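Below: one structure, written as structure tokens.
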Amino acid sequence: MYDHKEIEGRWQKRWRADKVYQTSEDTTKEKCYSLVMFPYPSGDGLHIGHARIYIGADIYARMRRMQGYRVLHPMGWDAFGLPAEGYALKQGKHPQETTEQNVANFKQQCQQLGLAYDWEREINTTDPAYYKWTQWIFLQLYKKGLAYESHAPVNWCPSCKTGLANEDLSGGKCERCDSAVERKPLRQWVLRITDYADQLLDDLETLEGWSESVKEVQRHWIGRQEGFVIPFVVPSAGATIEVFTTRPDTLFGCSYIALSPESGYVETLLPHCTNREAVEEYRREQYIAKADETVSSGMVLEGIFAKHPITGDSVPVYVAGYVLGGYGTGAVFAVPAHDERDHAFAQIHGLPITQVVSGDDHLPAVEIAASSVLINSGKYDGTPCEEAKKILTEAAGGKPEVVYRLQDWVFSRQRYWGEPIPLIHCEQCGVVPVPEEDLPVELPEVDSYEPTGTGESPLAAITEWVSVTCPQCKGAGKRETNTMPQWAGSSWYHLRYIDPGNTTALVDKEKERQWMPVDMYTGGMEHAARHLIYARFWHKVLRDSGAVSTSEPYATLRTVGIVQAEGGGKMSKRSGNVVDPLAIAEYIGVDAVRVYLAHIAPFAQTVAWDSKGVAGPRRFLERVYALREKVGAGNADKAVTRLRHKTILSVTADITAYRFNTAVATLMIFANALGDIETVPQEEYRVLVRLLAPFAPYLADELWHALGNETSVHTAPFPEADAAAAQEETVTIAVQVQGKTRGTVTVPRGSEQEAVLSTVQEDERLRDYTNGLTVKVFVKDKIVSFV
RNA sequence: GCCGGAGUGGCGGAACUGGUAUACGCGCACGACUUAAAAUCGUGUACCUCUGGUAUGCGGGUUCGACUCCCGCCUCCGGCACCA
């Protein structure tokens with residue numbers, strides 16, 4: 001038994017002292033930027049999911065370093081945001097203090113896991129030297145007109161007491177605390193991410209190293225939809241309602257107009273309707289509990305009628321809960337015969353249901369058949385639907401329009417623990433950006449940082465911080481008191497690692513070109529529609545302002561599968577089934593935990609923890625350790641040498657493709673083969689130890705030194721194979737009769753059909769089977785098939 | 001409902017562009033060592049009516065040959081969900 005604790009402690013110290021994992025500046029080497037999604041350092045420490053991500057990326061980065069790449073493999077802390085602040089509140093401490101504690105703990109745990117990070121490049125989003133540049137990027141956005149102030153209703157979490165972006169919701173609830181979210185009009189800063197919607201969508205096609213599933217999530221999140229806008233005039237109010245539709249062909253089936261409760265049109269029309277109070281009351285209700293409202297909810301605007309743009313008929317106008325404020329124009333024309341929601345609404349409110357498309361009589365008939373034509377549509381009767389879309393749009397004075405599901409990014413939080421938004425409100429000059437030379441705007445020390453719930457950040461109460469001189473007119477000004485969301489710091493951190501100490505620029509241009517883009521980005525699928533869209537957006541803005549040279553930040557993306565609790569299901573503190581990777585490592589060693597996580601399943605696949613299964617990897621490492629005593633002079637026989645070359649080839653290919661599970665299996669086969677021979681030739685063992693090094697870095701270095709090496713195995717060259725030497729001299733080929741395998745024959749590699757057939761004849765059983773049959777197919781070195 | 005992914009031994013999984021299904025590991029059984037147990041090592045381990053036959057979620061198809069390709073279903077997991 002090897003003493004894993006002793007070995008781990010010794011090598012950790014040694015690696016640090018020898019700076020084994022320092023990033024190489026040798027630009028003659030090919031670069032490899034391997035990045036992991038940095039964690040929010042919670043009070044619970046690293047969990048098994050972190051470990052699986054970091055270990056996978058670590059195996060890859062370690063192999064690349066040994067292969068002679070110039071590897072950048074850094075780590076940092078995403079320490080601003082609601083969870084950090086919430087944790088500090090619970091502890092009754094300042095978030096600064098708890099963040100420092102948690103970071104220290106995480107860092108120690110990362111080091112224990114043997115992760116080969118270059119700690120000289122460690123970053124922390126809460127460090128003023130870091131968030132100076134987060135604020136700087138915000139100013140660039142502001143100056144480009146990509147940040148704007150809005151008073152529109154936002155998602156408000158009554159428990160977190162802050163406004164949230166769409167991306168912060170999950171099923172209409174707060175992603176953090178699961179509270180039902182209300183709609184609340186609030187002054188806020190919003191980023192114009194929709195300006196980049198097309199680029200974010202189109203450039204997905206260039207990301208060959210991304211899985212289709214992540215790209216699909218992003219495509220859907222962006223939700224580009226081509227349709228039409230049609231104007232409906234409301235003569236009594238002197239207003240025009242523009243509705244968005246993908247089905248202008250159904251215009252003759254319009255029974256009413258439905259407006260979102262949040263729609264500006266409601267505002268415009270209110271003074272002209274006779275039931276103003278009731279409508280306002282209804283809107284208020286809708287703002288609060290929107291989640292489970294049915295299609296039926298709605299209220300007519302009495303006295304208001306829109307003019308049908310083709311027939312000229314008067315159409316009633318409703319405010320309806322089912323119409324979204326943030327999609328299209330916030331107004332739709334309703335066709336109860338051909339839309340399920342409109343149909344349900346019309347039935348409840350007693351509105352006409354007129355079928356205008358031929359086909360299915362069972363209403364609402366939603367699908368358009370290729371043969372569908374218009375009916376009940378005046379002179380347009382008989383026109384095929386697709387054609388009618390254009391014709392009716394034109395007749396109605398409408399035009400084509402593209403809309404997106406993606407909405408602008410609500411960027412202010414009414415909380416303390418975040419980057420202050422670097423703007424000043426001046427009575428004379430309006431909104432004035434903080435001059436770049438005055439950055440960072442540091443978060444002030446406070447006694448109480450609890451959220452207020454008033455829609456204002458706790459910073460608003462700190463008068464001495466809020467009151468400033470206007471940089472423009474030198475008059476009295478007030479600081480913006482909202483802070484940025486947690487997503488801000490993580491939207492550009494990949495650039496900071498490249499040049500962590502820079503005080504004069506976001507990133508040095510030369511260095512940026514030396515490292516970007518990130519070659520291998522490893523993390524969780526949960527960020528597919530959040531962090532990964534935000535980071536791509538900021539990166540494109542930075543490209544447009546010349547700060548970065550690439551259009552996309554992450555060339556290849558690898559997402560990890562979830563580690564479930566023993567027997568399946570989610571790990572949770574409540575169920576008491578949380579597996580702590582470091583606690584396991586206490587008794588079986590870090591190397592065994594690493595090998596276990598690598599071997600258990602394909603990296604991207606969900607897998608359940610198996611407490612019995614972890615013994616296997618330790619046994620394997622024990623066998624490798626025991627082999628050192630059998631190492632001696634001499635050469636291996638041909639079979640072993642061939643296996644060595646085959647092993648090198650497949651382990652290298654597997655790690656490159658993140659197939660760690662099969663890489664481990666291959667290593668086990670090789671190690672088991674060495675276990676079967678009397679004296680293990682040194683050459684074979686040297687290869688085994690180096691192939692093992694990315695997986696079991698501690699034991700590998702121990703064994704490497706036992707072989708007489710002075711420097712770390714992690715700076716040794718990764719073994720290379722001779723493809724020819726990996727070739728078998730003989731092959732076993734299958735003999736099939738009518739497609740069934742009846743046996744095999746072993747022949748020299750490359751044997752022709754005649755030679756194979758004569759070998760078949762030598763086998764009594766196969767001879768009987770194949771007697772009188774003809775060869776249908778012969779594939780060299782693979783099969784011979786008789787019929 | 002829509003989109004994406006996956007169904008292979010008792011379990012996690014392997015099988016590259018169609019070519020010997022079940023690698024590797026866990027578990028289990030038996031054996032060795034031991035006073036005994038643990039640990040370790042060795043052997044075996046898809047199923048059956050076993051000279052053969054049947055098995056990769058189910059039903060078809062293409063092929064000399066299908067886990068792999070095509071058509072139609074079922075189940076599970078993940079994401080989005082009043083998107084006009």
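Computed from a prediction, not measured in an experiment: that's the story for all the values here. Residue numbers start from 1 in every chain, and the chains themselves are labelled A, B, ... in the order their sequence lines are given, proteins ahead of strands.
A/E212 comes within 4.0 angstrom of nothing in the nucleic acid, heavy atoms only. Residue A/R623 is classed as a sugar-phosphate contact, given heavy-atom separations below 4.0 Å to backbone atoms only. Counting non-hydrogen atoms under 4.0 angstrom, A/T246 reaches the backbone sugars and phosphates but no base. Within 4.0 Å (heavy atoms only), A/Q736 reaches at least one base atom of the nucleic acid.
Here B/rG52 sits opposite B/rC48 as a Watson-Crick or G-U wobble pair (both hydrogen-bonding atom distances under 3.5 Å). As the counterpart of B/rG1, B/rC80 is assigned, both hydrogen-bonding distances of the Watson-Crick or G-U wobble pattern falling under 3.5 Å. Both distances falling under 3.5 Å, in either a Watson-Crick or a G-U wobble arrangement, occur for no nucleotide opposite B/rG65. When both pairing distances are held under 3.5 Å, B/rG42 makes a Watson-Crick or G-U pair with B/rC30. Here B/rC73 sits opposite B/rG57 as a Watson-Crick or G-U wobble pair (both hydrogen-bonding atom distances under 3.5 Å).
An anti orientation is assigned to B/rG65, its glycosidic angle lying beyond 90° of 0.
If you run side-chain contact (heavy atoms from CB on, under 4.5 Å) between A/M37 and each of A/L557, A/T522, A/I53, only A/L557 comes through.
Which of B/rG25, B/rC80, B/rC64 sits closest to the side chain of A/W221 comes down to B/rC80. The side chain of A/T662 approaches B/rA15 more closely than any other nucleotide in the set B/rG4, B/rC82, B/rA15. Closest approach to the A/V217 side chain among B/rU20, B/rG79, B/rC24 is made by B/rG79 (side chain taken as heavy atoms from C-beta onward). Listed nucleotides B/rC24, B/rA15, B/rU20 differ in distance to A/A665; the shortest reach to its side chain belongs to B/rC24. Checking B/rG25, B/rU20, B/rC82 against the side-chain heavy atoms of A/H599 singles out B/rG25 as nearest. Among the nucleotides B/rG12, B/rA14, B/rC80, the one closest to the side chain of A/P602 is B/rA14.
A/Y658 carries A/R558 over the face of its six-membered ring, with the cationic atom under 6.0 Å from the centre and within 45° of the normal.
As rounded to whole Å, 14 Å separates atom C1' of B/rG4 from atom NZ of A/K215. If you measure from atom OH of A/Y596 to atom P of B/rC24, you get 19 Å, rounded to the nearest angstrom. Taking atom NE2 on A/H220 and atom C1' on B/rG5, their separation rounds to 16 Å, with Å as the unit. Between the CG atom of A/L621 and the P atom of B/rU40 there is a distance of 13 Å, rounded to whole Å.
Phosphate contact (OP1/OP2 of B/rC26, side-chain N/O of A/R619, threshold under 4.0 Å): present. Here A/N661 does not reach the OP1 or OP2 of B/rA23: none of its side-chain N or O atoms lies under 4.0 Å away.
Taking the side chain as every heavy atom from C-beta outward, A/V563 and A/M571 approach each other to under 4.5 Å.
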Each nucleotide N or O in nucleotides 43-54 of chain B that has a protein N or O under 3.5 Å away: list the pair and distance.
from   : atom 1 : to     : atom 2 : distance (Å)
B/rG52 : OP1    : A/Y769 : OH     : 2.9
B/rG53 : OP1    : A/R742 : NH2    : 3.2
B/rG53 : OP2    : A/R742 : NH1    : 3.0

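Taking a cutoff of 4.0 Å between a charged side-chain nitrogen and a carboxylate oxygen, A/E684 and A/K630 do not qualify as a salt bridge.
Between A/F244 and A/F228, the distance from one ring center to the other does not fall under 6.0 angstrom.
Ring planes of A/F603 and A/F660: perpendicular class, angle over 60° (limits at 30 and 60°).
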